Amino acid sequence: MAVAVSFVLLVAGGVGAIYFRLNANISTFDSAGLSKDRPDADDNTSVNVLLIGSDSRAGGNAKLGGKGQSGAIGRSDTTILLHVYPDHRHAVGVSIPRDSIVDIPPCLLPDGRWSPDQPGAVFNAAFSMGDTAKGNPACTQNTVEKLTGMRVDHTMVVDFEGFAAMTTAVHGVEVCVPNDVHSGDMNPDLGYQGKLILPKGMQKVSGQKALDYVRVRHGIGDSSDVGRMLRQQAFLSALIAKIKGQGMNPTTLLPLADAATKSLTVDPGLGSAAKLVSFGLSLKHIDLRNIQFITAPWRYAGPRMDLVHPDVDELFAELRANRTLSGASAAGKGGSGTLDAKSGQTSGQVGVRPSAAPHVDGTGISVGVFNGTTTDGLATSASATLSKSGFTVTGTATAKSQDHRTTLVEYGAGEAAQAVTVAKLFPGAELEALPMSGINLVVGQDYADSAAASGPAVPLKSLADQARTADADPCSKLSYG
């Protein structure tokens with residue numbers, strides 16, 4: 001997975017001696033293809049970097065990746081959205097499955113036309129829009145911004161050659177292979193097992209073998225692309241750990257960066273070695289345990305994947321609110337500061353996220369949820385909050401009137417105590433007894449205002465459990481199924 005090169009350049013930092021060598025290596029893509037309708041920039045100085053690994057077989061990439069079906073057309077093999085928190089002590093990389101179904105917004109084509117909206121499209125089709133060897137990174141950026149509601153500050157693309165050269169430059173990376181991998185696993189069309197490519201267990205890989213490790217899908221776990229993403233995350237973790245362990249010095253960084261940038265395409269904002277290194281230096285103090293990887297919540301949909309809502313929406317809402325996967329604030333306000341990659345100003349240490357709601361046990365309580373405003377998605381958001389506290393949500397709908405200023409908990413005879421329990425999750429909610437059976441939650445404008453300001457009220461504990469930290473056991477979480 002070529003995206004590893006991008007991530008290492010960002011996290012490793014750099015030194016002035018690299019500038020002159022690297023400037024000639026770096027290519028940029030045209031920013032004219034970026035959407036005219038983009039999310040607002042984050043005032044809290046977080047930084048979002050889109051990392052794309054291209055599996056184009058153009059040029060020397062064909063020898064490394066095989067001719068494949070894509071030929072010389074650029075396709076996105078892997079995509080990770082890296083969210084660097086304002087404190088510059090924490091970062092989360094979110095893998096977006098390449099076969100997931102998303103809405104692709106209009107994108108600029110090579111002939112100057114803009115493509116139409118494409119609802120329900122396969123995610124990696126965005127990078128291939130226009131059928132060019134270099135791909136269409138601006139289209140992928142537009143798609144990710146539409147999906148996440150987050151403004152992408154920078155985009156980086158690396159191909160097979162850049163990845164292979166970089167792993168050789170660092171003299172290999174220690175990885176764990178869950179079981180023997182043969183040439184028939186690398187190429188299922190071979191029709192037989194073939195020779196052993198990677199033996200089971202810990203080993204050092206570089207060049208072609210490193211590429212084989214991050215690209216193999218069949219013969220491990222359930223042979224899915226999701227399992228492959230887990231191994232890619234493990235490889236990134238091991239690679240970052242090695243670079244940090246070797247030290248941030250010219251001897252370590254110059255061969256690495258020289259090899260990597262020869263196959264690097266970036267947005268104009270990162271179009272020089274000085275800009276790349278300046279950004280990298282702002283991230284060098286992130287500890288391995290504070291670098292996490294997670295896959296966007298998904299489920300199978302035939303041969304493709306659906307992103308699971310509202311889970312994926314909550315994940316990106318947490319990132320927009322600059323909260324870690326465990327719910328802590330990393331907004332960087334107050335305290336001693338670290339360098340900000342956007343403005344050069346300092347930002348403070350991480351603080352603990354104030355609890356948006358007390359601990360509530362809703363086991364055995366059923367609630368119908370209604371949106372009493374004109375703001376879309378509030379019933380879904382409130383349902384997720386209830387479900388996380390053990391309530392049973394019987395359904396969601398739009399309320400009869402959509403002018404509710406205050407959230408309302410309606411309840412029938414004998415259900416006052418349960419209604420009070422529901423109201424604990426929604427500060428300021430009013431209670432109303434009605435001649436009815438059951439409990440209804442009607443969310444009002446007060447909830448809309450608080451949701452817009454603070455996002456989901458409950459930490460994404462399940463995602464935090466699924467995430468891999470860069471210092472995790474190299475043999476853990478290597479396959480799915």
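Just the heavy atoms: all of them, side chains too, but no hydrogens, waters or symmetry mates, feed the values below. Everything numeric in this text was worked out from a predicted model, so none of it was measured.
Expressed to the nearest 0.5 Å, how far CZ of Phe391 lies from OG of Ser383 amounts to 12.0 Å. Here the CG-OG1 distance, from Leu325 to Thr469, works out to 11.0 Å after rounding to the nearest 0.5 Å. Taken from CG in Leu239 to CD in Gln232, the straight-line distance is 13.0 Å, to the nearest 0.5 Å.
Of all the heavy atoms in Tyr213 and Arg231, the pair that sits closest is CE2-O, 3.8 Å. Contact between Ser479 and Ile220 at its shortest, heavy atoms only, is CB-CG2, 3.8 Å. Residues Cys176 and Pro474 come closest through the heavy atom pair CB-O, 3.4 Å. For Glu145 against Val152, the heavy-atom pair with the smallest separation is OE2-N, 2.8 Å. The heavy-atom pair separating Pro297 from Leu315 by the smallest distance is CD-CD2, 3.9 Å. Closest non-hydrogen pair, Glu318 versus Thr324, comes out as OE1-O, 4.2 Å.
Between Cys475 and Met202 there is a side-chain heavy-atom pair separated by less than 4.5 Å.
Within a 6.0 Å radius of NZ in Lys146, other residues, nucleotides and ligands contribute 12 heavy atoms or fewer.
Side-chain N or O atoms of Ser115 include one that pairs as donor or acceptor with a backbone N or O of Cys107 at under 3.5 Å. The backbone N or O of Val367 sits less than 3.5 Å from a side-chain atom of Thr394, completing a donor-acceptor pair. A donor-acceptor distance shorter than 3.5 angstrom exists from the side chain of Asp180 to the backbone of Lys200, with no hydrogens or angles considered. Checking side-chain atoms of Asn142 against main-chain N and O of Gly33 turns up a donor-acceptor pair under 3.5 Å. Judged by distance alone, with hydrogens and angles left aside, the side-chain atoms of Thr132 form a donor-acceptor pair with the main-chain N or O of Gly135 at under 3.5 Å. Panel note: side chain Asp287, backbone Arg289; no donor-acceptor pair is recorded below 3.5 Å. Using modelled atom types, one side-chain atom of Asn48 and one backbone atom of Arg151 make a donor-acceptor pair closer than 3.5 Å. Within the 3.5 Å criterion, the main-chain N or O of Asp267 finds no donor-acceptor partner in the side chain of Thr155.
With respect to Asp87 and Arg89, no salt bridge is recorded, no charged nitrogen being found less than 4.0 Å from a carboxylate O.
Checking Glu314 against Ser381 by side-chain atom types alone, no donor-acceptor pair falls below 3.5 Å. At a cut-off of 3.5 Å, with distance as the only test, a side-chain donor of Gln233 or Ser95 sits close to an acceptor on the other residue.
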**OP:** Dump the intermediate steps for salt bridge (Lys or Arg N to Asp or Glu O under 4.0 Å) on Lys209 and Asp212, then the final yes or no.
**Re:** CA-CA 5 Å; Lys209 284 190 176 296; Asp212 290 342; 5.8 Å; no
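Thr140 meets the side chain to side chain donor-acceptor pair (under 3.5 Å) test with no other residue; sequence neighbours excluded.
Checked against a 6.0 Å centroid threshold, the rings of Phe235 and Phe293 do not count as neighbours.
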